[in-house]
Amino acid sequence: PKRPTNINVYHLEEKVLELSGLKVGKEISVFNVPINYKGENYIHTIRAGDSNQVLTLLHGYGGTGVLFYPILKELSKKYQVYCIDLLGMGLSSRPSFDCKTTEESIDFFVESLEKWREALGIERFYLGGHSFGGYIGAHYAMRHPSRVKKLLMLSPVGVTKHEEVFVKEDARKKTHILVRPLFDVY
């Protein structure tokens with residue numbers, strides 16, 4: 001897959017990232033991680049910090065990882081922070097999106113995130129998601145609980161039409177991570 005040819009987009013991304021107070025190329029790395037999912041694709045990735053504690057942040061629907069620039073400097077003091085562009089969004093590659101069901105759509109994002117994790121060799125990490133990113137993060141954590149140390153959901157949103165009744169106790173049993181207290185609200 002080719003990168004978008006408009007170099008101005010990359011220049012703009014760099015300028016926004018520098019508003020974080022970190023220097024691109026020195027304190028922030030920007031790169032594409034090749035993944036073999038729905039063909040040969042890549043996940044556009046921003047990394048800051050050198051801690052052995054990894055925090056991955058997922059943006060909302062139609063967004064980009066650069067959204068997190070205001071908190072990147074502070075977070076990078078404690079974590080190695082990865083802000084990724086979900087597959088098909090931002091500056092990541094755009095494979096054919098031929099999902100017909102909600103479950104296929106969730107698989108598209110969750111499994112591409114898993115391929116990204118595998119490609120970087122990250123064993124376990126903290127996972128944060130804003131809006132749609134929180135929704136995908138929750139599904140990732142339920143599917144791959146051994147990979148997620150804690151899940152941080154920032155204004156999570158996602159709509160899933162279920163024919164089955166949502167059973168709070170079943171959800172509690174499936175997840176042992178930070179999602180649990182959220183179910184106490186219901």
Side-chain angles (χ1 to χ4, degrees), residues 1-4 9 13 31-46 54-68 81-120 122 124-183 185-186:
K2 295 182 179 180
R3 289 173 53 148
V9 174
E13 178 185 58
F31 53 98
N32 292 326
V33 176
I35 62 168
N36 188 7
Y37 182 75
K38 301 284 184 184
E40 295 296 321
N41 288 293
Y42 59 88
I43 302 280
H44 188 71
T45 303
I46 299 164
V54 175
L55 168 63
T56 300
L57 297 173
L58 307 177
H59 60 79
Y61 184 78
T64 174
V66 80
L67 160 81
F68 297 106
V81 183
Y82 289 93
C83 304
I84 69 169
D85 290 357
L86 293 169
L87 190 62
M89 298 184 202
L91 296 175
S92 288
S93 58
R94 291 179 168 41
S96 173
F97 186 81
D98 53 3
C99 301
K100 303 285 188 247
T101 67
T102 302
E103 291 74 24
E104 288 175 351
S105 298
I106 292 167
D107 287 348
F108 179 87
F109 294 107
V110 168
E111 293 314 310
S112 61
L113 175 59
E114 176 61 5
K115 293 292 186 186
W116 172 86
R117 183 204 62 78
E118 289 172 353
L120 288 178
I122 299 169
R124 296 188 72 224
F125 60 102
Y126 296 94
L127 180 58
H130 172 253
S131 189
F132 180 71
Y135 179 73
I136 296 304
H139 281 282
Y140 181 90
M142 286 189 290
R143 191 171 297 172
H144 303 283
S146 66
R147 300 298 182 192
V148 179
K149 291 181 180 181
K150 288 191 180 176
L151 176 64
L152 175 67
M153 300 170 77
L154 311 167
S155 299
V157 78
V159 179
T160 304
K161 181 179 177 184
H162 281 286
E163 281 126 32
E164 297 176 24
V165 176
F166 176 80
V167 179
K168 180 171 69 169
E169 291 308 313
D170 289 345
R172 281 180 192 251
K173 290 175 189 173
K174 288 181 181 177
T175 178
H176 62 278
I177 50 184
L178 195 59
V179 176
R180 272 189 170 169
L182 296 176
F183 293 121
V185 174
Y186 291 48

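Starting from 1, each residue takes its place in the sequence as its number. Being a predicted model, the structure only gives us computed values, none of them experimental.
Ring geometry, F109 versus F97: the interplanar angle falls from 30° to 60°, so the pair is classed tilted.
Considering only heavy atoms from C-beta on, N32 stays 4.5 Å or farther from I43 through its side chain. Here the side chains of F108 and P95 are in contact, with some heavy-atom distance below 4.5 Å. The closest side-chain heavy-atom distance from Y126 to L152 is not below 4.5 Å. The shortest side-chain heavy-atom distance between E13 and L91 falls under the 4.5 Å cut-off. The shortest side-chain heavy-atom distance between T64 and M89 does not fall under the 4.5 Å cut-off.
Here CD of E118 is found 10.0 Å from CG of L113. Values are rounded to the nearest 0.5 Å. If you take OH on Y42 and CD1 on I84, they are separated by 14.0 Å, rounding to the nearest 0.5 Å. Atoms CG and OG, from N41 and S93 in turn, are 3.5 Å apart once rounded to the nearest 0.5 Å. Between C83 atom SG and H130 atom NE2 the span is 13.0 Å, to the nearest 0.5 Å. For the atom pair CZ of R117 and CD1 of I35, the computed distance is 12.5 Å after rounding to the nearest 0.5 Å.
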Considering only distance and modelled atom types, tabulate donor-acceptor pairs under 3.5 Å from the side chains of residues 55-62, sequence neighbours left out.
residue: H59; atom: NE2; partner: L86; partner atom: N; Å: 2.9

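Side-chain contact, S92 with D85: no donor N or O sits under 3.5 Å from an acceptor N or O.
In this structure, K115 and N36 approach most closely via the heavy-atom pair CE-O, 3.9 Å.
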task = Decide yes or no on ring-ring contact (aromatic ring centres under 6.0 Å, His included) for Y37 and W116, but give the supporting numbers first.
result = CA-CA 9 Å; Y37 182 75; W116 172 86; over 10 Å; no
query = After noting the C-alpha distance and the side-chain angles of K38 and D98, does the key distance pass the side chain to side chain contact (heavy atoms under 4.5 Å, CB included) rule?
reply = CA-CA 10 Å; K38 301 284 184 184; D98 53 3; 4.1 Å; yes
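Shown here are the side chain to side chain contact (heavy atoms under 4.5 Å, CB included) partners of T101, two or more places apart in sequence or in another chain: E103, E104.
Under the salt bridge (Lys or Arg N to Asp or Glu O under 4.0 Å) criterion, the residue pairs touching residues 133-148 are D107-R143, E111-R143, E123-R147, with sequence neighbours excluded.
Here F125 and Y82 keep their ring centres 6.0 angstrom or further from each other.
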